[in-house]
Protein chains: 2
Amino acid sequence: MEEIIELLQTKGYKMTPQRRAVIKALFDCGQFPTAQDILDYAKKINPDMGIDTIYRNLNLLTEIGVLNQITIKGRDVSVFEIASKHHHHLICLACGKMECLDYCPIMADSEKIAQEKNFKIMGHNLEIYGYCAACQAG
Amino acid sequence: MEEIIELLQTKGYKMTPQRRAVIKALFDCGQFPTAQDILDYAKKINPDMGIDTIYRNLNLLTEIGVLNQITIKGRDVSVFEIASKHHHHLICLACGKMECLDYCPIMADSEKIAQEKNFKIMGHNLEIYGYCAACQAG
DNA sequence: CTCACTGCAAAGGCTTTGCAGATTC
DNA sequence: GAATCTGCAAAGCCTTTGCAGTGAG
């Protein structure tokens with residue numbers, strides 16, 4: 001949390017109570033908050049916050065690489081997570097729960113893919129859909 | 001095209017001129033049409049068509065598995081393609097062009113992933129972002 | 001003191017929905 | 001004839017944007 005604040009200051013961004021509230025929310029809101037989740041939490045700290053400020057800050061943090069923005073197929077909202085080691089997600093079709101998956105099957109094959117098509121790979125997006133342990137049992 | 005019409009009829013859906021126009025558009029509109037592209041084309045056949053009919057039919061066709069609906073990160077529209085052999089897409093960050101990629105790196109590893117997390121995989125979603133041959137050259 | 005940030009309110013854009021009338025089968 | 005399908009219009013929803021005022025550095 002402190003590193004993020006420092007990074008913002010280094011880059012010349014100002015530290016407002018609202019911005020601080022957003023950052024705190026990212027750590028306290030659970031793993032994959034939506035903009036609305038962040039707002040709900042941030043309002044406890046700063047009741048006057050608007051959703052637009054949330055979006056502005058989430059977008060800023062995404063731009064500077066602090067956050068990942070994740071779009072889930074068939075859902076109309078983005079969720080966010082603090083960017084760390086490259087990974088992907090398992091998404092349960094029944095309960096919607098998301099789990100992180102450290103393993104990345106793309107890395108190993110990227111060279112091959114790139115050569116075949118003369119395509120220069122810069123990144124990728126992978127979500128795996130299925131049923132989590134709990135929902136298989138239930 | 002005929003197979004799709006037959007499938008719809010088998011399932012009890014009615015065949016209207018509008019629906020036929022949508023299906024024809026899917027074959028004639030190029031590879032990754034948006035709802036709007038389909039509308040533009042379908043209007044040539046049936047000028048009175050509304051965008052809502054397009055969406056209703058695209059959603060129907062997606063539900064019965066005839067179409068894939070693809071959501072591209074950072075873009076706000078869905079594109080559609082006729083579902084065929086399982087594959088993924090290379091998406092150019094410069095020009096937005098999409099190419100199909102027959103190779104699927106997930107299949108090979110799915111067993112492993114499933115076991116690790118006790119997660120039952122039903123499907124996945126992969127897009128690879130980078131620069132196409134033309135844009136690398138330009 | 002200056003420039004960035006916030007809140008408000010409104011717009012934007014894609015997609016969906018309610019409804020009454022028209023059409024398939 | 002019954003049920004689906006269409007067009008219209010409007011709403012819904014998430015997200016973005018313009019603007020004037022506020023606040024950080």
Side-chain angles (χ1 to χ4, degrees), chain A residues 4-25 32-43 45-64 66-80 96, chain B residues 4-25 32-43 45-64 66-80 96:
Chain A
I4 295 178
I5 293 174
E6 278 169 31
L7 176 62
L8 284 168
Q9 288 172 333
T10 302
K11 288 185 178 271
Y13 296 106
K14 296 180 177 174
M15 194 48 48
T16 62
Q18 293 90 334
R19 182 160 288 163
R20 206 179 291 272
V22 169
I23 296 170
K24 182 150 176 40
F32 301 107
T34 63
Q36 188 62 49
D37 293 335
I38 302 284
L39 177 62
D40 294 343
Y41 184 94
K43 271 193 164 167
I45 304 174
N46 193 330
D48 293 337
M49 294 204 56
I51 188 73
D52 35 321
T53 298
I54 304 294
Y55 278 110
R56 274 189 279 238
N57 279 294
L58 291 177
N59 287 347
L60 172 62
L61 292 168
T62 302
E63 272 169 33
I64 66 174
V66 168
L67 288 185
N68 295 330
Q69 179 172 8
I70 307 168
T71 307
I72 303 169
K73 198 169 190 159
R75 260 186 265 177
D76 38 2
V77 293
S78 290
V79 302
F80 294 84
Chain B
I4 295 178
I5 293 173
E6 277 169 33
L7 177 61
L8 283 168
Q9 289 172 332
T10 303
K11 288 186 178 271
Y13 295 106
K14 296 179 178 174
M15 194 49 46
T16 63
Q18 293 92 335
R19 181 161 288 162
R20 207 179 291 271
V22 169
I23 295 170
K24 182 151 177 38
F32 301 108
T34 63
Q36 188 62 50
D37 293 335
I38 302 286
L39 176 62
D40 294 344
Y41 184 94
K43 271 192 166 170
I45 304 174
N46 193 331
D48 293 336
M49 293 204 59
I51 189 72
D52 36 325
T53 299
I54 304 294
Y55 277 111
R56 275 189 278 237
N57 279 293
L58 291 178
N59 288 347
L60 171 62
L61 291 169
T62 301
E63 273 168 32
I64 66 175
V66 168
L67 288 184
N68 296 331
Q69 177 171 10
I70 307 168
T71 307
I72 303 168
K73 200 169 189 160
R75 260 186 266 176
D76 38 2
V77 294
S78 290
V79 301
F80 294 84

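The sequence lines fix the lettering, A, B, ..., with proteins before strands; numbering per chain opens at 1.
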Measure the spacing between CD of B:Q36 and OH of B:Y55 and express it to the nearest 0.5 Å.
7.5 Å
Could you work out which one of D:dT15, D:dT16, D:dG7 sits closest to the side chain of A:D52?
D:dT16
Any heavy-atom pair between the side chains of B:I38 and B:F80 that's under 4.5 Å?
no
Passes side chain to side chain contact (heavy atoms under 4.5 Å, CB included), A:T53 versus A:T16? Steps please.
CA-CA 11 Å; A:T53 298; A:T16 62; over 6 Å; no
Which whole-number value in Å describes the distance from A:Y55 OH to D:dC13 C1'?
9 Å
A:L39 atom CG is separated from D:dT15 atom C1', nearest whole Å, by 13 Å
Got B:V66 and B:L60 here, is their nearest side-chain heavy-atom distance under 4.5 Å?
no
Would you check, one step at a time, whether the test side chain to side chain contact (heavy atoms under 4.5 Å, CB included) holds for A:V79 with A:D37?
CA-CA 9 Å; A:V79 302; A:D37 293 335; over 6 Å; no
Return the value, rounded to whole Å, for the distance between atom CG of B:D76 and atom P of D:dT16.
10 Å
Rounded to the nearest Å, what distance is computed from the CZ atom of residue B:R20 to the C1' atom of nucleotide D:dC5?
14 Å
Is a donor on one side and an acceptor on the other found under 3.5 Å between the side chain of A:R75 and the backbone of A:G96?
yes
For B:N57 and D:dC5, is the shortest distance between a side-chain N/O and OP1 or OP2 below 4.0 Å?
no
Estimate the overall bend of the helix from C:dC1-D:dG25 to C:dC25-D:dG1 from the end axes over five pairs each, rounded to 10 degrees.
40°
Without decimals, in angstroms, what is the distance between A:I5 CD1 and D:dG25 C1'?
16 Å
Once rounded to the nearest 0.5 Å, what's the spacing between atom CZ of A:R20 and atom CG of A:N46?
12.0 Å
Return the polar atom pairs (N/O with N/O) between nucleotides 19-22 of chain D and the protein under 3.5 Å, or none.
none

Students should find that the nucleotides of DNA chain C closing off the region near chain B, any atom under 4.0 angstrom from a heavy atom, are C:dC14 to C:dC25
Establish, with yes or no, whether the OP1 or OP2 oxygen of D:dT15 is under 4.0 angstrom from a side-chain nitrogen or oxygen of A:S78.
yes
Say you draw a straight line from CG of A:L67 to CG of A:N57; how long is it, rounded to the nearest 0.5 Å?
10.0 Å
Per nearest nucleotide of DNA chain C, the residue lying toward the 5' end, B:Y13 or B:Q36, is B:Q36
From CD1 of A:I72 over to P of D:dC13, roughly how many Å is that when rounded to an integer?
18 Å
Expressed as a whole number of angstroms, how long is the span from B:L8:CG to D:dT4:P?
15 Å
Output the distance between atom CG (B:L58) and atom CD1 (B:I23), rounded to the nearest 0.5 Å.
10.0 Å
Output for pair (B:I51 CD1, B:M49 CE), nearest 0.5 Å, gives 9.0 Å
In whole Å, I'd like the distance from the CD atom of A:Q69 to the C1' atom of D:dC14.
11 Å
Taking only side-chain nitrogens and oxygens of A:Q18, does any of them come within less than 4.0 Å of OP1 or OP2 of D:dG23?
no
For the CD atom of B:E63 and the CG atom of B:N59, what is their distance to the nearest 0.5 Å?
6.5 Å
